[in-house]
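Heads up: the structure comes next, in structure tokens.
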Amino acid sequence: MGQPDTLVYLPALHAGQGPSDRNREDGCPAGDARRDRRLHYRLPQGIRKPAGMTETGEAQHVIRARREKLRQLRELGVEPYCYRYEPNSTAAAAIQAFEAAGDDGVETRLAGRLRSFRPHGKTSFGHLEDRSGKIQIYFRADVLGEAGYELVKLLDLGDWVGVEGALFRTRTGEITVRADTVQLLAKTVRPLPYGKEETDEGGDTVVHGGFADVESRYRQRYADLAVNPEVRDLFLTRSRVVQEIQRFLDARGFLPVETPILQPIYGGATANPFKTYHRALDTELYLRIADELYLKRLIVGGLERVYEIGKVFRNEGIDRTHNPEFSMLELYQAYADYGDMMDLTESLVHEVVVRVSGSSRVVYQGEEIDFEPPWPRLAWYEALERHGDVRRSELQGGALREAALSAGVEGADDKGRAALLDGLFKARVEEHLRGPLIIYDYPVELSPLAKHKRDGDKELTERFEVFVAGHEIANAFSELNDPLEQRERFEAQARMREEEGWEEAHQIDDDYISALEYGLPPTGGMGLGIDRLVMLLTGRASIREVILFPTLRPE
RNA sequence: AGGCCGGUAGCUCAACUGGCAGAGCAACGGACUCUUAAUCCGUAGGUUGAGGGUUCGAGUCCCUCCCGGCCUACCA
């Protein structure tokens, strides 16, 4: 965990432990045996049509031509789908080694994808791309021999190849591998949507054409990743965010745990669930909408500090900030309250931002956001007063409904107090919260799982949310640990569901109350939206850009 | 859900006021032993999202539907 450099080359995992070490250098011996086997692996006549692709005209034509190349390769004794290759470096490391050695005598063995290809008769240039970047490869017929160069002539953009040879500098000064051997690792039979690249005078890379259709990029993320290095970088950043969070929490004694995704009673948030069904149990189950209630059961069990980073599922609308499944961090710490959670959240987010982006400041959609703690803190009703021009004392009965109506809250006519307060805040306040900003002390109606204020104000709970750029990224509270009051809160929610038709209201979870009856120590809990944090750190306006495979309408 | 914009070759995009559906790249064949958007010669590639209508004639105008993006409203 927390590997700072994910580009470090990992040596073969089971060197010397495999079934045998024979053929470890070359996973693709050519020969009759292979050709015989080919008979069993022959592809069906019609090329299978992947979902969502129309195989009209050219695509079919191209794929047919590539399959013809497969045949030619096998005729040459080259197996186009290799078993193994053992590179000893990466493009970036090879270039670095060559520079360090003073342009002298560096041999390297690399594997990657053929990103560009410029044949010139008995000579060809191309670029190989691996996870570290690109390096130019120089193929010569007189070096590779007739058979080797025949293979080079059958290469296509996107093919996976392994090359071995000495590094040198071309006439134009580019560090290049002069290939002594070339090995085809996997043939591409469907052309990748590569754009042409050009380096302008400023040294910037300009891509001509390319793969830009947003929906296609999401549906075929593999092609998006293969073709767009900045997309690979983005998901590298995402992984680092998760690693940094884990590192931060591990260092503070938090235990990573896994709780059920399939739940008989869903809870821990106000949201509509996905329903599913278990046959053997003949039971309806729900996909979790939050991890909360199970994690707090673990605190009851004495684990004291736990966290989970995982997917939660909410059966609601899809837009640029909402995906039906999204990733959340939830953590719970015994003996802590929401004040501790404020401090923890500030330092967690700050540290992740600094370690991932190198600075506490990020620019998001043209707006500079500084995560340096402490963050401003504003009480919920104060925020409403400041941005919504409504005072707490004026939000009783009809006045609240009127305020919600005038704020344009949808369905304000027949909503209950909780929904009206929530609607009013969302309509009037959230967009003004550029943050990072802590909004604290939420109305009790909105927070059935939070303790009420210790000062005796029973209408408020010790809960806060963190807002950045108008969106909530974190939610935390002093966890309600009084089982009797918890039952009353659940019952109040159940009444809201029945009387006001508030479907998202919390269900009564008797087993959770039983757990509380065994004793939940004072506990602080916090939830953090991973996707939104990644959006902030990568400057993306759409959540789909930061989810590898976002939910799309099936084709 | 509502509003706006869009869907043309594998990719990125053109196509005037309704008048023969095009280019670049990718692909295929050929030439070329330091290229890098390689170059040069040649070839192929299309149910213009679907259906209907108006018209001598529709990528273009009208209607319906499908799909997507953006904005607004709601769940994080």
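The sequence lines fix the lettering, A, B, ..., with proteins before strands; numbering per chain opens at 1. As the structure is a computational prediction, the values presented were derived from the model and not from experiment.
Using the Watson-Crick or G-U wobble rule with both distances under 3.5 Å, B:A23 pairs with B:U12. Across all strands shown, B:G6 forms a Watson-Crick or G-U wobble pair, both distances under 3.5 Å, with B:C67. B:G46 is unpaired under the criterion used here, namely a Watson-Crick or G-U wobble arrangement in which both key atom distances are under 3.5 Å. Across all strands shown, B:A1 forms a Watson-Crick or G-U wobble pair, both distances under 3.5 Å, with B:U72. When both pairing distances are held under 3.5 Å, B:C34 makes no Watson-Crick or G-U pair with any nucleotide shown.
For the P atoms, the distance linking B:G68 with B:U8 amounts to 15 Å, nearest Å. Atom P of B:G59 sits at a distance of 13 Å from the matching atom of B:U47, rounded to the whole Å. Taking atom P on both nucleotides, B:C40 is separated from B:G49 by 33 Å, rounded to a whole Å. The same atom, P, is picked in B:C62 and in B:A9; the two are 22 Å apart, to the nearest Å. On the P atoms, B:G18 is 50 Å away from B:A31, given to the nearest whole Å. Nucleotides B:G45 and B:A26 place their C1' atoms 11 Å apart, quoted to the nearest Å. Nucleotides B:A44 and B:A23, compared at atom C1', are 16 Å apart to the nearest Å. The C1' atoms of B:G19 and B:U43 are separated by 29 Å, rounded to the nearest whole Å.
Of the residues in residues 141-156 of chain A, those lying under 4.0 Å from RNA chain B by heavy-atom distance are A:Asp142, A:Asp156.
Looking at A:Arg178 and A:Thr176, their side chains never bring a donor and an acceptor atom within 3.5 Å of each other. With 3.5 Å as the limit, one finds a donor-acceptor pair spanning the side chains of A:Tyr138 and A:Arg140. Donor-acceptor pairing under 3.5 Å is lacking for the side chains of A:Tyr338 and A:Thr461. A side-chain donor-acceptor contact under 3.5 Å links A:Glu545 and A:Tyr218. If you check the side chains of A:Thr188 and A:Asp159, you find a donor sitting under 3.5 Å from an acceptor.
In this structure, A:Lys426 pairs ionically with A:Asp422, as a charged nitrogen and a carboxylate oxygen lie closer than 4.0 Å. With respect to the salt-bridge test (charged N to carboxylate O, under 4.0 angstrom), the residues A:Asp156 and A:Lys69 qualify. Looking at A:Glu325 and A:Arg288, no side-chain N of the basic residue comes within less than 4.0 Å of a carboxylate O on the acidic one, giving no salt bridge. Between A:Glu465 and A:Arg463, at least one side-chain N (NZ, or NE/NH1/NH2) sits under 4.0 Å from a carboxylate O, which counts as a salt bridge. A salt bridge does not link A:Glu174 to A:Arg169: none of the charged side-chain nitrogens sits closer than 4.0 Å to a carboxylate oxygen.
Counting distance only, with no hydrogens placed and no angle test, the side-chain atoms of A:Gln136 and the base atoms of B:U35 include a donor-acceptor pair under 3.5 Å.
In this structure, A:Asn323 reaches the bases: a heavy-atom distance under 4.0 Å links it to at least one base atom across the strands shown. In this structure, A:Phe168 reaches the bases: a heavy-atom distance under 4.0 Å links it to at least one base atom across the strands shown. Within the nucleic acid shown, A:Ser116 has no heavy atom closer than 4.0 Å to any nucleic acid atom. Heavy atoms of A:Gly317 sit under 4.0 angstrom from at least one base atom. Using a 4.0 Å heavy-atom cutoff across all strands shown, A:Thr176 reaches no nucleic acid atom at all.
Each of B:U35, B:C34, B:G68 was ranked by its minimum atom distance to the side chain of A:Arg544; first place goes to B:G68. For A:Arg171, the listed nucleotide lying nearest its side chain is B:C34; candidates were B:C34, B:G68, B:C71.
Remark: P of B:G68 and CZ of A:Arg217 are 16 Å apart, rounded to the nearest angstrom. One can place CD of A:Glu215 at 10 Å from P of B:C67, the figure rounded to the nearest angstrom. Atom CZ of A:Phe211 is separated from atom P of B:U12 by 7 Å (rounded to the nearest Å). Between the NZ atom of A:Lys426 and the C1' atom of B:U72 there is a distance of 17 Å, given to the nearest Å. Straight-line distance from the OH atom of A:Tyr218 to the C1' atom of B:C70: 12 Å, rounded to whole Å. Taking atom CD on A:Gln220 and atom P on B:G68, their separation rounds to 15 Å, with Å as the unit. Atom-to-atom, NZ of A:Lys122 to P of B:U35 comes out at 17 Å; the value is rounded to the nearest Å. When the P atom of B:C34 is taken as reference, atom NE2 of A:His127 falls 16 Å away, rounded to whole Å.
Between B:G68 and A:Arg553, a contact under 4.0 Å exists linking OP1 or OP2 to a side-chain N or O.
Between A:Thr123 and A:Leu157, the residue anchored closer to the 5' end of RNA chain B is A:Leu157, taking for each the nucleotide with the nearest heavy atom. Taking the nucleotide of RNA chain B with the nearest heavy atom to each of A:Gly126 and A:His471, the more 5' of the two is matched to A:Gly126.
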